Chemist: 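Here it is: the structure, laid out below.
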Amino acid sequence: MVKIVSRQRVGTENVYDIGVVKDHNFLLGNGLVASNCFNKSHSTAYAYVTYQTAYLKANYPAEYMAALLTANSGDQDKVNKYIANCTSMGITVEPPNINESEVDFTPVGDRKILFGLSAIKNVGEGAIRSILDARAEGKPFKSLPDLCQRVDLHKVNSRTLESLIKCGALDCLNSNRKQTIDHLRLVLDWAQKKAKEKESGQMNIFDIFGGNDNGNQAEFEVAPSPPNSPDFSPQEKLQFEKELLGFYVSDHPLKAIQTASHLLGPIHLGDLAHYASEKKTISAIVMLSAVKEVITKKGDRMAIVQMEDLTGSAEAVIFPKSYQPIEAYIKADRRLIIWGKVDQRDDKVQIILEDAEPIEQVKMVMVELSTHQAGDIQEQHRLKDILLTNKGEADRAKVPVVGVVNCATKRIFVPFGQQFRVEDSHTLVNALQSAGYAARSEAIAAN
């Protein structure tokens with residue numbers, strides 16, 4: 001037990017972690033000040049919890065990550081970060097599934113996590129309980145009519161079902177989400193009519209003449225057939241997932257360029273705070289999720305944008321001088337490579353965005369090198385001179401150069417530093433080819 005007997009301001013003094021046998025007071029007899037009053041048992045407890053956490057992550061990765069996702073399901077940035085961690089660990093986060101998902105994120109085997117029903121917008125606790133109870137009483141749901149017959153439609157209403165369809169939870173019944181949406185109204189009317197007849201004990205003419213002793217559905221009462229509807233586009237499906245789940249699960253607009261984008265050396269938005277003190281220009285590959293245009297007191301236009309990547313999200317400010325030349329690119333849902341500086345004020349971290357380019361327009365210069373060329377000093381200096389001679393205007397040199405080293409069994413991609421970026425890829429490719437190098441310009445993403 002620590003008993004504080006006196007306090008005294010002593011200015012700047014040496015401090016140490018408490019661990020003495022006697023004199024457990026803030027002001028000690030030897031003139032030192034005990035600033036950290038966590039005793040050894042407390043420190044030991046923290047160390048033990050750290051060990052347990054590391055053990056669980058190493059030996060039960062899917063269970064550990066499922067628990068993290070469940071505990072932080074209300075924090076979009078953290079969930080995005082943990083989903084990115086799952087990807088790097090080889091764990092797949094599957095979209096919700098009406099026949100498999102539970103209330104929370106659930107591990108399935110060692111390398112798969114199912115999305116929890118409780119994390120879907122417009123799906124309340126009562127609806128989830130009704131779905132799980134119906135599923136537990138019988139076999140897995142076979143179709144939309146089967147689902148609507150077996151759940152309590154007072155709890156699982158049309159809004160809930162529409163949300164489940166749009167986020168992909170009913171893809172196991174019909175992968176055409178638009179067709180299922182168009183089918184929903186007809187099926188609900190049919191299921192509600194059957195439920196009312198059952199509650200009232202009323203029998204209709206088809207029950208009398210068309211029923212059978214096996215308790216099967218009469219052939220006269222089959223559910224309405226789904227209409228012929230073309231499915232939503234992949235982009236529409238992703239937008240519904242973002243709206244209802246808070247982030248993309250089945251895919252992400254940036255996933256297709258994830259491998260190639262590493263060669264550009266961008267930072268991840270999930271690590272943005274680490275660059276706040278460096279005061280240098282950084283680049284990132286992002287998708288704009290929201291754009292707000294602002295008019296300054298002088299009448300100039302600027303913008304505040306929300307961005308995201310596979311690891312998190314962030315805010316960026318584009319001041320008038322930078323906004324004017326790139327205004328056409330600053331639209332919601334655009335994939336961009338952006339350049340700017342990280343700014344931190346109090347606890348808020350944001351990017352002061354200085355330039356941007358659509359990812360479809362981003363090109364790289366690829367130069368083929370043998371292992372001899374890559375390791376020869378004279379060859380390295382010759383290549384360096386060509387790159388610097390054809391750099392162009394330094395403030396407009398954004399095209400990265402990547403060396404492709406052809407080894408005996410594999411090819412190694414070596415991104416050159418930012419100081420070797422060039423303004424015009426065509427000019428550099430011509431210069432490299434004239435010097436005897438195999439070089440080409442490649443787009444990072446297809447249009």
Side-chain angles (χ1 to χ4, degrees), residues 75-77 80 235-236 238-240 242-243 246-248 252-254 257 261 264-363 391-400 418-419 421-425 443-445 447:
D75 189 325
Q76 183 177 337
D77 286 345
N80 280 336
Q235 185 62 30
E236 287 176 310
L238 290 178
Q239 287 301 318
F240 286 138
K242 180 69 182 296
E243 175 188 342
F247 34 84
Y248 305 106
H252 193 286
L254 297 179
I257 58 170
S261 67
L264 301 180
I267 69 164
H268 294 144
L269 295 183
D271 302 326
L272 198 60
H274 299 163
Y275 300 89
S277 60
E278 296 187 7
K279 305 300 181 184
K280 66 179 183 180
T281 300
I282 55 90
S283 66
I285 292 177
V286 304
M287 190 178 79
L288 303 187
S289 52
V291 176
K292 179 182 179 182
E293 192 174 84
V294 178
I295 306 298
T296 68
K297 293 181 179 179
K298 294 182 178 180
D300 298 324
R301 290 183 299 165
M302 58 176 289
I304 300 173
V305 301
Q306 300 298 324
M307 311 175 300
E308 63 181 71
D309 65 7
L310 296 173
T311 67
S313 60
E315 182 181 271
V317 178
I318 315 174
F319 290 112
K321 184 178 178 180
S322 301
Y323 184 54
Q324 184 177 2
I326 62 172
E327 179 183 353
Y329 306 148
I330 308 303
K331 308 293 181 184
D333 301 327
R334 290 297 298 268
R335 299 184 301 172
L336 304 174
I337 180 169
I338 58 113
W339 292 268
K341 291 184 174 64
V342 180
D343 179 60
Q344 182 170 10
R345 297 184 182 180
D346 299 324
D347 295 331
K348 185 178 181 180
V349 181
Q350 61 184 8
I351 294 178
I352 306 301
L353 198 152
E354 299 169 345
D355 201 358
E357 188 174 357
I359 202 65
E360 293 80 10
Q361 297 179 20
V362 177
K363 293 186 177 182
K391 184 178 183 66
E393 295 292 333
D395 59 344
R396 300 177 64 182
K398 297 172 183 174
V399 178
Q418 290 192 9
Q419 68 271 30
R421 294 191 174 191
V422 299
E423 178 184 354
D424 186 353
S425 60
I444 187 175
N447 288 301

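The first residue in the sequence is number 1, and the count goes up from there. Bear in mind the structure is a predicted one, so any value in this text is a computation, not a measurement. FYI, side chains are in, hydrogens and waters are out, and symmetry mates aren't considered; it's all heavy atoms of this structure.
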Chemist: If you compare all heavy atoms of Ser425 against all heavy atoms of Val399, which two are closest, and at what distance to 0.1 Å?
Modeler: CB-CG1, 3.9 Å
Chemist: If we only count heavy atoms from C-beta on, is the Val291 to Lys331 side-chain gap below 4.5 Å?
Modeler: no
Chemist: Considering all heavy atoms of both residues, which atom of Trp339 and which atom of Thr281 are nearest to each other, and what is their separation?
Modeler: CB-CG2, 4.2 Å
Chemist: State the CD-CD distance between Glu327 and Glu293, to the nearest 0.5 angstrom.
Modeler: 5.5 Å
Chemist: Considering residues, nucleotides and ligands other than Gln324, do more than 12 of their heavy atoms fall under 6.0 Å from its CD?
Modeler: no
Chemist: What pair of heavy atoms forms the shortest contact from Thr296 to Pro320, and how long is it?
Modeler: CG2-CG, 4.0 Å
Chemist: Side chains of Met302 and Ile318, heavy atoms from C-beta outward: is any pair under 4.5 Å?
Modeler: no
Chemist: Would one find more than 12 heavy atoms of other residues, nucleotides or ligands at under 6.0 Å from atom NZ of Lys341?
Modeler: yes
Chemist: Can you confirm whether Ile326 sits close enough to Leu353 that some side-chain heavy atom of one is under 4.5 Å from a side-chain heavy atom of the other?
Modeler: yes
Chemist: Classify the side-chain pair Asp333/Gln235 by whether it contains a donor and acceptor separated by less than 3.5 Å.
Modeler: no
Chemist: Could you grab the distance from atom CG of Leu310 to atom OH of Tyr248, nearest 0.5 Å is fine?
Modeler: 11.0 Å
Chemist: Taking the side chain as every heavy atom from C-beta outward, state whether Glu308 and His252 have any pair of such atoms under 4.5 Å apart.
Modeler: yes
Chemist: If I compare all heavy atoms of Leu269 with all of Thr311, which pair ends up nearest, and what's the gap?
Modeler: N-OG1, 3.5 Å
Chemist: Write down the atom of Lys391, the atom of Gln419, and the distance for their closest heavy-atom approach.
Modeler: NZ-O, 2.9 Å
Chemist: Should Ile351 and Met307 count as side-chain neighbours, where that means a heavy-atom distance under 4.5 Å?
Modeler: yes
Chemist: Do Asp309 and His268 touch side chain to side chain, with heavy atoms closer than 4.5 Å?
Modeler: yes
Chemist: In Å, rounded to the nearest 0.5 Å, how long is the span from CD1 of Ile337 to CD of Glu360?
Modeler: 12.0 Å
Chemist: Any idea which heavy atoms bring Ser289 and Lys242 closest together, and the distance?
Modeler: CB-NZ, 4.0 Å
